[in-house]
Amino acid sequence: MSTQPTTSQPTLPARPRRGLGRDSMVRIATAVIIIGLWEFFGRQANPLLVAVPTDVLVATWDLAKTGELFAATGQSMLAFGVGFAVAAAIGMLIGVLMGVNRTVEVALDPYINALYSMPLIALVPILMLWVGIGFTAKVIIIALFAVFPVIINTLAGVRNVEKNYLDIGKAFGAGAWMSFCRIVLPSATPYIASGMRLAVSRGIIAMIVAEFLTSIAGLGGLIINYTNQFETAKAFVPVFVLAIIGNVLTAIVRVVEDRLGAWR
Amino acid sequence: MKTLSISGLSKTFVDRQGRTVEALAGFDLDVAAGEFITIVGPSGCGKTTMLRIVQGLEERTAGSVKIDGREITGPGPERGFVFQQYGLLPWLTAARNIAFALDARRVPKAEQKERIRTALETVGLAAFADHYPRQMSGGMQQRIGIARALAVDPAILLLDEPFGALDALTREILQNEMLALSERMAKTIMFVTHSIDEAIMLADRVVVMSARPGRIATIIDIDIPRPRAGRGEEIRESPAFAHHRRQLWEHLMAREVAA
């Protein structure tokens, strides 16, 4: 899955430089037009409901000045970080166990698939009942959302190791542990990495959902609070911060992915 | 140098439709120490299966494989294997692919560096130690595959259609290198191929197999003096080569017609 729109690639590779420059111009122009239209039509709407870009800029400055924005971002990112780490660790562990042991796979497979496909938001109120509405609750919800793509991709990776690669280990007398560490895991790495990428976006959704419904803290808390106070400009600020965070995190996973997959 | 003694080797398996397939039915062969054996036969004759059983990669249904009189139960350090599709791990450099085999064989790290260097020099790829498989041609990758098998210093070398995927020219070059290696290193070698010319060029004896169930149809002694390395063209044009070629054709064709 690529988020890069393929249609924007220059079709003539002979002049990539000019093509790239032109593309950037088009993109900047599009952004200017969108922001301009938003500013223009926004000003004619009810200012209580619609904030225009200049309002959002001012609101960003306000929220930054009071430190509120940084505190909220910190709270959100801490919960996300812990939740994602838990999901990554547990997800890889379960995925590997399912991949190497058929009994574990048969036992867990139906539940993993069912939970992955169902809208997990349905579980959030019940979870709140069990674990409360604090930081732990947030972490659990994030981990729950993020863990399934990691499990499923790790399993697929461990499963799809080429038999030829395993034969190499066998032919030279590598033990099960060595074969696992040096053949199965590296061969599964691209799968695990794309599982992580999915986990990042699901984890961010979970973080916001959790903040809406539980602790009323972090970036999600800001959105809810300022929307309730009809301060739409301020409510927009965390939305943009989230957009930036989402893209930055995905880019980081991509870089790690490319590093690990340099041999391909 | 070690001798290899295979007797009554059989393999049956059940295919997806539930039918019993007899891949190998009573394969007997004694390989002398330092002998170069090539094995030819139609596809599906079980030659690869036989070789994989000897390496310990596959289970046998019946029969025995003995090295210097001792029954083998799995892969062992006295055997090195070269795979059809080079069998390199794509995420490791050439040197690390060799190091992998040395680690598996528990060769001390201190000794590995020297062994890797020697192995790469032997196949003429010392400069490519840090290259990944995808950065190398098929011929180079298979040279690395051979270097890896040599690095573990086995007495017996088993090669499963190692040059099958290479273009004709690269193939001849590697055949010549194989001859040079075998004539210099005195190893017991079993080499599976589907090329008649390759089988004659390399072997002391060519084993011809018949298909379904796989067994030995005939064994032909190759009457071409050694050393042969560097004399490829001369040998290919010799009457002895032509004679062996006709012999092998007749055996293989007779089987095809009978089948």
Side-chain angles (χ1 to χ4, degrees), chain A residues 2 88 92 95-96 99-102 105-106 150 153-197 252-264, chain B residues 48-49 51-59 72-94 96-107 130-136 141 144-145 147-154 156-160 165:
Chain A
S2 168
M92 284 199 282
V96 164
V100 297
N101 186 314
R102 204 178 137 63
E105 196 205 346
V106 171
V150 182
N153 279 271
T154 305
L155 172 61
V158 171
R159 260 309 156 67
N160 287 324
V161 180
E162 268 187 52
K163 193 181 161 288
N164 292 344
Y165 296 162
L166 295 173
D167 273 351
I168 299 167
K170 210 172 163 189
F172 290 97
W177 178 244
M178 182 179 168
S179 287
F180 177 77
C181 294
R182 294 177 63 177
I183 297 175
V184 177
L185 272 190
S187 150
T189 300
Y191 289 83
I192 297 173
S194 52
M196 295 292 181
R197 198 140 37 80
I252 291 173
V253 176
R254 272 251 164 74
V255 169
V256 174
E257 214 175 335
D258 287 350
R259 277 279 168 79
L260 292 174
W263 50 271
R264 289 206 289 178
Chain B
T48 289
T49 305
L51 199 73
R52 288 172 60 89
I53 295 173
V54 173
Q55 175 64 22
L57 285 173
E58 246 169 79
E59 299 293 321
I72 63 133
T73 51
E78 73 292 332
R79 278 158 292 155
F81 201 87
V82 177
F83 291 88
Q84 249 171 59
Q85 293 291 345
Y86 326 135
L88 300 180
L89 297 171
W91 52 86
L92 298 179
T93 60
R96 287 184 173 279
N97 262 289
I98 299 172
F100 174 86
L102 295 176
D103 281 342
R105 287 281 175 241
R106 303 211 156 71
V107 175
D130 296 325
H131 281 58
Y132 286 94
R134 69 168 166 81
Q135 298 171 308
M136 293 184 277
Q141 291 187 50
I144 301 296
R148 177 179 57 189
L150 293 175
V152 301
D153 196 22
I156 298 169
L157 204 52
L158 306 168
L159 303 97
D160 181 18

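Letters A, B, ... mirror the listed sequences (proteins, then strands); counts begin at 1.
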Say you draw a straight line from CG of N164(A) to CG of L88(B); how long is it, rounded to the nearest 0.5 Å? 11.0 Å
Looking at CH2 of W91(B) and OG1 of T189(A), how far apart are the two atoms once the value is rounded to the nearest 0.5 Å? 8.5 Å
Over all atoms of both residues, closest heavy-atom pair of [X] and [Y]:
X	Y	result
A174(A)	F100(B)	CB-CZ, 4.3 Å
P75(B)	A171(A)	CB-O, 3.9 Å
Y165(A)	P90(B)	OH-CG, 3.2 Å

The salt bridge (Lys or Arg N to Asp or Glu O under 4.0 Å) partners of E257(A) (sequence neighbours excluded) come to R197(A)
If I measure from the heavy atoms of chain B, does S187(A) come under 4.5 Å with its side chain, its backbone, both, or neither? both
Residue pairs involving residues 165-175 of chain A (criterion salt bridge (Lys or Arg N to Asp or Glu O under 4.0 Å); sequence neighbours excluded): K163(A)-D167(A), D167(A)-R52(B)
Taking atom CZ of R134(B) as the centre, report whether more than 12 heavy atoms of other residues, nucleotides or ligands fall under 6.0 Å from it. yes
So for D103(B), is it side chain, backbone, both, or neither that comes closer than 4.5 Å to the heavy atoms of chain A? both
Residues of residues 176-186 of chain A within contact distance of chain B, non-hydrogen under 4.5 Å: M178(A), R182(A), I183(A), P186(A)
Output all residues satisfying ring pair (Phe, Tyr, Trp, His ring centres under 6.0 Å) with F83(B), sequence neighbours left out; order by chain, then residue number. F81(B)
